[in-house]
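Within every chain, numbering begins at 1; the chains are lettered A, B, ... in the order of the sequence lines, protein sequences first and strands thereafter.
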Amino acid sequence: MSDARNRMVARAAREIAPGMVVNLGIGLPTKVVDHLSADFPVCLHTENGLSGIGPTLPPEAANRNLIDAGGAYVSTVPGSAFFDSAVSFALVRSGRLDLTMLGAFEVAETGDLANWKIPGKFSPGAGGGIELAQKARRVVVLTTHTDRAGNPKLKSACALPITARACVNRVFTDLAVIDITPAGFTLRELAVGVSLAEVTEATGAALLLPGGEIPTF
Amino acid sequence: MSDARNRMVARAAREIAPGMVVNLGIGLPTKVVDHLSADFPVCLHTENGLSGIGPTLPPEAANRNLIDAGGAYVSTVPGSAFFDSAVSFALVRSGRLDLTMLGAFEVAETGDLANWKIPGKFSPGAGGGIELAQKARRVVVLTTHTDRAGNPKLKSACALPITARACVNRVFTDLAVIDITPAGFTLRELAVGVSLAEVTEATGAALLLPGGEIPTF
Amino acid sequence: MRLPDKTCTIEDAIARIPEGATVMVGGFGVPGTPFTLIRELVRQGQRNLTLIKNDANERGMGIDHLIANGQVARLITTHIGLNPRAIEMLNAGHLAVEFNAQGILAERVRAGGAGLKAIVTDIGLATELADGKPRIEIAGKPALVETALRADVALIHAHRADVFGNLDYVATARNFNPLMAMAADMVIAEAEAVMPLGDLAADEVHTPGPFVDHVVGLTEISEEYAVVRR
Amino acid sequence: MRLPDKTCTIEDAIARIPEGATVMVGGFGVPGTPFTLIRELVRQGQRNLTLIKNDANERGMGIDHLIANGQVARLITTHIGLNPRAIEMLNAGHLAVEFNAQGILAERVRAGGAGLKAIVTDIGLATELADGKPRIEIAGKPALVETALRADVALIHAHRADVFGNLDYVATARNFNPLMAMAADMVIAEAEAVMPLGDLAADEVHTPGPFVDHVVGLTEISEEYAVVRR
C-alpha cells in the first residue's frame, strides 16, 4: 500500500470511538483493523454472522468455517458470537451498528453513495452494501480521491446507480478528510504535503472551506 | 375424569398417526398424552418453545424453567429442542404442525371455531389459539357435546367471536365422533351406550348419517 | 480489539427508564420473567408506562406489581387469563389492553428488532383482532399489515451473560426474551450468572452482545421463581 | 413418546427433487454450502431449477456445477461477483438472475419459513432494486412490500444432526442455513456428524427437528471445503 493510502487508512482508524460496533467493508476499509490496538474497546461485525472479529489468519492457521464477508480467514476474540444472516442484518437495520466504513465509486455532495454497479461493466449484485449504507448510524467512505483515469469520485451528483441516498457522513481520501454537511462537501483535513488547490482541482463539486487553519493528517 | 370423558380422550389419542408433530391445547387435549405409549413415534410441541414434550412432572421433580403453554411442569425426551416464541409459531404457521387438538365453546357446521372469548364474561385474550386453529394441517376439537346448561356446542353457526373460520376437521365429544364435511356435521362414531337419537338431540344443527353401521368407541 | 464491559448496578440500569416509557418485558408465565428488574422498577416508581409482555403474570407476581402500583397505563399482550386484577382493571377501564395473537406479537417484536416496518400475515383475518388494521393483497389474497413494535427499554432475564452482554437462556425461559433483546433502544439484562469474556461459546450464544446495553448480575434468585404447588 | 428417525441415503433424498423445483441452498461463500448434496443433484441431473442462494460460489465449486451443467434456469441471490461464469451467463441471457439486498433476502426467506406473506421495509427504496415492487405507507412514510420466499426443497449443511433432524452449525457456516431450513416444503440436511437422540443439548439446537425432513450423514468432507490459498 502506498504511503498516502496507508495514511488515509490510519486516519480513518481514528474515527472509531471506544465502545463502538463497527462494520468494515471489503477492500480498503478492511485494512483499518491493522491500526487498532489489542486493548482498544471495539466490536467488529461482519455481515456473514460474527460479532467480535479477531485478526486475519494465514491459510495454515485458518478455520475453513470462519471467514468474513470478503472471504478472508479471520479469527474470534474472547466474547465473540456467531449468528445467522437474518440476525446479522437485524443488527444493521435496527441501529446497533454505530459505524460502517465503505468503499465508493462515487459520492455526491448530498451524501448519496454509488458503490455497487457500473452498468454494462460490473453488476455482481449489491450484497449487504445497501443495508450498511442506509442503516449504519454513521457511514464513512474510504476511497482514492480520483479514479484510475484521474476523474473525480466526489461529485455534485452520482451518475451511477445509487446504493443509498444522503447516507455518507464523511469521506477519507488519499488527499483529504471531507464531511458531507447540509451545505455540501466541507474540507476538514488535508493529507501531509497536499495543497488546497490540488484537492479543489480533484473534487468534482464545490468544496467549502471552514474558517481557520486546516489540520493535516 | 368421568368414564365418558376418558373414553373421548382415549379415542382422540388414536387420531395421532406415527411421525406426526402435534400440539395439544390447554384443558382436555392435554390429557391425550396419557394415552400415548413410551415408544410411539410422535413429536409433541408446545407454543412457549419446546419440541419433544415428555411426561408431566409433580412439583418435587419439576424444573422451574420448564413448563408447557398451560403452565404445567413438563419434561423433555431425548432429542427435544428449545426455541423462542417466534420460531415456535413459525413452526405452526409454516405448516410443520400436523395436528392440533383444541377445546371449544362452539363449533359450526362450516368448521368455524369459537374458543377464546365470551363477550362481557371471559376476555383473557386469544393467546396462541388463533394461529393453531388457522394453520395446523389438521384441527380436531375435544369438547363435551353440550355446555353445562345442556345447550349444544355444535351449531349451524357460531354466535360467539370466531377464533378461525372453516378450520375444524373433526370433533370428539363424550357422545360421538363427528367430521366437518362440505355437507356439514357427519356422524362417524358413537360412544358406547349412546343412541343416535341422543346425539341428534344434543346437536344444534343437522347431523348427516353415512350409510352402514355406525361404529362405537 | 477487546469487547467492552457493560456490567452495571440494578439501580443505575433501572434509573435510566423515564416516566412514560414503553417497556418490553420477557417471559411466558414465570420462566424468563425478569422479576428482579421489575421489583426495582416498582421501587423506583416510574409511572405512565406502556408494557409489552406476553401475559400479565399472576396476581402478586412480576408485572402484576407494576399494575397494582398504578405504574402501567397500557398493556400490549396476548393473554391475561391468569391475572384477575388485570382483567378487573381492564373491565373497569383503568388499564388499556391491546390483544395480539401470540405468534403475531412475537413477529411484531421481532420485526422491530430486525429494523423492518411491518409484517404481512393472514393470521386473525376472520377475527375481531383484525378490526382497524390495514389490509393489502398478496398474490390476490387479503392480508393484514401488522406494524413492527419497538420499545424504549427491554427488560430481559438470561440464564448466563458475559460482561459484553452475550446472553443465553435455559429451557422455556427463552420465549420472548431473545426477540425483545433486539427490539429496544436500551436493553437491560438480568442474568443468573455473569461470566468473563470467552466463557460463553460463540456458537452457543442466543443473544449477541451488540444488542445489549446493560448487564445486571443477580446475587440471588427471586422467590417468585420457586416451583408453584397448585 | 419417542422422536422418529429421519436418516436417509443421499441418493433417496435427492431423488425426491423433481424437475423444475425451486431449491434453496445454504451457505455464504464456502462455509455452510452443502457441497455433497449439490454434487448428487448434479449427478442425478434434475433440470430447470430455480435456485435461491446468497451467492453463486466460485467457478468449479458448489452451485457453479449446477449452473455449468445447465440445470439452473433462474437464480435468486445477492452477489455473484466471485463466479465469472454466472456473470457471463447472466450477460448472455442464459441465466435469469434476481438480485436482492442481502439482509432482505435473509428476511424474505425467514418470512417464508415463518408462514408470513411478506415483510415491509424501507431498504433499497432509492435503488433500482425497488423497481416494480409494491409500495405502501407505514406511519406516513413510503415502504416496499417484499414477498416471502418459500421453496420446494432446501439443501442444508449442518455441523451435527441428530436422527430426528435437530441441527447445529459452526462458526460462519451458519449464515442462511437456519433460515432456509424453515422455509421449504422438504428440507434435506447433510451433517458432518449424525448423533443419537439426546446427544445435542436441547438448549443448543440451532434448527429444531420438526422443520427437517431428511438427514444425510457425510462419510467424508468434500474437498471443496479445504482452506483456499489465494
Side-chain angles (χ1 to χ4, degrees), chain A residues 13 16-24 32-47 49-56 63 65-66 74-99 130-132 134-137, chain C residues 1-8 24 107-119 148-152 154 158 160-168 178-187 194-215:
Chain A
I16 301 177
M20 276 186 166
V21 180
V22 180
N23 182 295
L24 301 175
V32 169
V33 72
D34 300 331
H35 295 268
L36 297 173
S37 72
D39 70 341
F40 189 84
V42 64
C43 177
L44 299 181
H45 163 264
T46 180
E47 58 266 36
L50 167 61
S51 57
I53 310 178
T56 306
N63 173 347
N65 288 308
L66 181 41
V74 294
S75 56
T76 56
V77 297
S80 289
F82 294 112
F83 34 80
D84 67 42
S85 296
V87 170
S88 192
F89 281 94
L91 188 155
V92 175
R93 286 189 307 263
S94 69
R96 287 288 173 179
L97 192 61
D98 298 302
L99 174 67
I130 294 172
E131 284 155 297
L132 291 169
Q134 199 174 329
K135 292 296 179 180
R137 289 188 177 273
Chain C
M1 293 96 60
R2 70 176 165 79
L3 298 172
D5 187 317
K6 300 175 182 172
T7 54
C8 181
M24 289 182 178
E107 286 293 328
R108 291 180 69 194
V109 170
R110 188 197 167 278
L116 303 175
K117 301 300 177 191
I119 55 164
L149 286 172
R150 280 189 69 84
D152 299 306
R160 297 181 300 173
D162 69 20
V163 298
F164 179 56
N166 289 301
L167 309 179
D168 72 6
L179 311 171
M180 292 176 169
M182 295 164 67
D185 293 345
M186 180 171 62
V187 174
V194 177
M195 329 288 286
L197 289 177
D199 276 21
L200 289 186
D203 281 319
E204 292 165 19
V205 167
H206 294 143
T207 293
F211 289 106
V212 176
D213 298 288
H214 305 293
V215 174

Which atoms of [X] approach chain C - backbone, side chain, both or neither, heavy atom under 4.5 Å:
X	value
A:V21	side chain
A:I53	backbone
A:V87	both
A:S37	backbone

Within the side chain of [X], is there an N or O that forms a donor-acceptor pair under 3.5 Å with the backbone of [Y]?
X	Y	answer
C:K6	C:G209	yes
C:R110	C:L179	no
A:R93	C:A114	yes
C:R2	A:A38	no

Region of C:N166 in contact with chain A, defined by heavy-atom distances below 4.5 Å
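Interface part for C:N166: side chain.
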Between C:F164 and chain A, which part of the residue has a heavy atom less than 4.5 Å away: side chain, backbone, both or neither?
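Contact with chain A involves the side chain of C:F164 alone.
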Looking only at heavy atoms and a cut-off of under 4.5 Å, which of A:F82, A:F89, A:F83 has the most pairs with chain C?
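Among the listed options, the one with the most contacts to chain C is A:F82.
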Best-contacting candidate, A:G19, A:C43, A:G54, A:P18, against chain C by heavy atom pairs under 4.5 angstrom:
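That would be A:C43.
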Residues which pass side-chain hydrogen bond (donor to acceptor under 3.5 Å, both in side chains) with C:D199, listed by chain and number, not counting sequence neighbours:
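Not a single residue meets the side-chain hydrogen bond (donor to acceptor under 3.5 Å, both in side chains) criterion with C:D199.
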Applying the side chain to side chain contact (heavy atoms under 4.5 Å, CB included) criterion to A:V22, which one of A:V32, A:L44, A:V33, A:L36 satisfies it?
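Of all the options given, the one that passes is A:L44.
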